[in-house]
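Okay, structure first, notes after.
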Amino acid sequence: MNRPTRPDHSAAPGHPSAPDRPVVLIAGASSGIGAAIAVRGADEGARVAVCARRADALRKVADACGATPYVADVTVRSEVDDLIAAVVSDHGRLDGVVANAGVIRPGGLLELSDEDWDATLRTNLTSVFLLARAALPHLAATRGAFVTVGSVAGLRAAAGAGAYAASKAGAAMLTSVIAAEFGPRGVRANTVCPGWTRTEMADEEMREFGGELSLDLDAAYARATALVPQRRAATAEEVADAVLWLLGPRSSYVNGATLTVDGGLTSVDAGRVPFDFTLTPR
């Protein structure tokens, strides 16, 4: 594992001394939601460790918030084991883990290749298992918390996203199993399921979607979120706030939960949509 390490053991003004500050590891932190969690977490006084495969992008996030960067592939067991060992060695403890690594390979069930399926499951589901297995003994020692960043795609079926939906549904259930198995040892495990969120990955999808309809990026997001009661996509920071709440003491009796951060999207009754909107085929 290539590990550019720059621990920050200083105490920020208004925060506890370094040994008392919780240590949080965020996997998939080189951009988007993961990067926002890192920045928000550091602002709230945590000692933050960030992990991703893209060294340059990861270092920018780490430099922006004083986090310690670790370059690792969380789909590989040996690299995950080394990652957790390094974080604990560098910081002395581990209080929270955010499993945020993700990829989407769109395609209908008859179009998905074996490689697309395997890569999606490996990144979105297997990585959660590997991180949990390596981190849980340390989280039990600190009575810490584990948060998986899932998706509303894991809660509602959508044509053309079978691998992604299955992987996110599996990740949410695995996280509930963690809650059941390790709750008696003081560990809480929960899943946050965002809806459309303005990130680099979502921007790419929106450009492709908007290009088919001659829409710019903002117009594409507006079209995609037309059925969201709040009529917009989330910001990465809004999702980060939910994750950090689940990591912190104010959610001390929340365990095994799946929290949607989707502007109300999953509360919409699809059967009523034609009464409120004029639907035209694409």
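- Shortest non-hydrogen contact noted between Ala220 and Gly210 is CB-CA, 4.0 Å.
- Note that the CZ atom of Arg223 and the CG atom of Leu215 stand 5.0 Å from one another [nearest 0.5 Å].
- Ser31 and Arg54 form a side-chain donor-acceptor contact under 3.5 Å, judged by distance and modelled atom types alone.
- In this structure, Val76 stands alone, with no Ile, Leu, Val, Met, Phe, Trp or Tyr side-chain heavy atom under 4.5 Å from its own, directly or through other members.
- Closest heavy-atom contact between Val128 and Ala99: CG2-CB, 4.0 Å.
- Taking 4.5 Å as the limit, some side-chain heavy atom of Phe129 sits within range of a side-chain heavy atom of Arg133.
- Among Thr75, Val74, Asp118, the one residue that satisfies the side-chain contact (heavy atoms from CB on, under 4.5 Å) test with Thr123 is Thr75.
- In terms of hydrophobic clustering, with Ile, Leu, Val, Met, Phe, Trp and Tyr side chains grouped at heavy-atom distances under 4.5 Å, Leu130 and Leu174 are assigned to a common cluster.
- Between Ala49 and Val87 the shortest heavy-atom distance is CB-CG2, 4.1 Å.
- Criterion: ILVMFWY side-chain heavy atoms under 4.5 Å apart, direct or through other members. Under it, Val103 and Leu125 are not part of a common hydrophobic cluster.
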Query raised in the report: Can Thr120 and Ile104 be said to form a side chain to side chain contact (heavy atoms under 4.5 Å, CB included), step by step?
Result: CA-CA 6 Å; Thr120 303; Ile104 183 167; over 6 Å; no

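- In this structure, OG1 in Thr258 is found 8.0 Å from CE in Met173, a value given to the nearest 0.5 Å.
- Hydrophobic clustering (ILVMFWY, side-chain heavy atoms < 4.5 Å, transitive): Val239 and Leu265 are in distinct clusters.
- Proximity of Leu25 to Leu83: side-chain heavy atoms (C-beta onward) are separated by under 4.5 Å at one or more points.
- For the pair Ala52 and Ala29, the tightest heavy-atom approach, listed with the atom from each and the gap, is CB-N, 4.1 Å.
- By the 4.5 Å side-chain criterion applied to Ile, Leu, Val, Met, Phe, Trp and Tyr, Val39 is assigned to no cluster and stands alone.
- Ion pairing of Glu212 with Arg207 is absent here, as no side-chain N (NZ or NE/NH1/NH2) approaches a carboxylate O to less than 4.0 Å.
- A donor-acceptor contact shorter than 3.5 Å is absent between the side chain of Glu204 and the backbone of Met201.
- Within the structure, side chain to side chain donor-acceptor pair (under 3.5 Å) contacts touching residues 95-105 (residues at least two apart or in different chains) are Arg93-Asp95, Arg105-Glu115, Arg105-Asp116.
- Shown here for Asn255 and Gly183, the closest heavy-atom pair between the two residues is ND2-CA, 4.0 Å.
- Val88 and Phe146 end up in the same hydrophobic cluster when Ile, Leu, Val, Met, Phe, Trp and Tyr side chains are linked at under 4.5 Å.
- A distance-only check finds no donor-acceptor pair linking the side chain of Gln230 to the backbone of Gly264 [under 3.5 Å].
- Note: Asp218 CG to Arg232 CZ = 13.5 Å, rounded to the nearest 0.5 Å.
- Contact of the Thr148 side chain with the Val192 side chain is not registered, since no non-hydrogen atoms from C-beta on lie closer than 4.5 Å.
- Salt bridge absent: Lys60 and Asp56 never bring a charged side-chain N and a carboxylate O closer than 4.0 Å.
- Cation-pi geometry between Arg185 and Phe182 is not met: the NZ or CZ atom fails to fall both under 6.0 Å from the ring centre and inside 45° of the normal.
- The closest side-chain heavy-atom distance from Trp245 to Val254 is below 4.5 Å.
- The shortest distance between side-chain heavy atoms of Leu94 and Leu139 falls below 4.5 Å.
- Annotation: side chain of Arg143 is not in contact with side chain of Val187 (no heavy-atom distance under 4.5 Å).
- If you take OG on Ser127 and CG on Leu121, they are separated by 10.5 Å, rounding to the nearest 0.5 Å.
- Annotation: the span from Asn190 atom CG to Leu246 atom CG amounts to 5.0 Å, rounded to 0.5 Å.
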Run the side-chain donor-acceptor check on residues 157-172: report pairs under 3.5 Å with partners two or more places apart or on a different chain.
| residue | atom | partner | partner atom | Å |
| --- | --- | --- | --- | --- |
| Ser167 | OG | Asn124 | ND2 | 3.1 |
| Ser167 | OG | Ala163 | O | 3.2 |
| Ser167 | OG | Tyr164 | O | 2.7 |
| Lys168 | NZ | Val149 | O | 3.0 |

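- For the atom pair CG (Leu259) and OG1 (Thr191), the distance works out to 9.5 Å, reported to the nearest 0.5 Å.
- With no hydrogens or angles considered, no side-chain donor-acceptor pair links Asp82 and Tyr70 at under 3.5 Å.
- Pro194 is not listed as a side-chain neighbour of Asp262, based on a closest heavy-atom distance of 4.5 Å or more.
- With sequence neighbours excluded, the residues that form a side-chain contact (heavy atoms from CB on, under 4.5 Å) with Leu244 are Ile37, Arg40, Glu44, Leu247.
- The nearest pair of heavy atoms linking Ala224 to Phe209 is N-CE2, 4.3 Å.
- In terms of the side-chain contact (heavy atoms from CB on, under 4.5 Å) criterion, residue partners of Glu181 (sequence neighbours excluded) are, by chain and number, Val177.
- Side-chain N or O atoms of Arg47 include one that pairs as donor or acceptor with a backbone N or O of Arg21 at under 3.5 Å.
- Using a 4.5 Å cut-off between side-chain heavy atoms of Ile, Leu, Val, Met, Phe, Trp and Tyr, with links allowed through other members, Trp196 and Val152 fall into different hydrophobic clusters.
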Report task. Before giving the answer on side chain to side chain contact (heavy atoms under 4.5 Å, CB included), spell out for Arg231 and Thr225 the whole-Å C-alpha distance, their side-chain angles and the decisive distance to 0.1 Å. Result -> CA-CA 6 Å; Arg231 299 295 192 270; Thr225 58; 5.7 Å; no

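- Side-chain contact check for Thr235 and Arg198: no donor-acceptor pair (N or O, by modelled atom type) lies under 3.5 Å.
- Side chains of Ile26 and Val48 form a contact here, defined as non-hydrogen atoms less than 4.5 Å apart.
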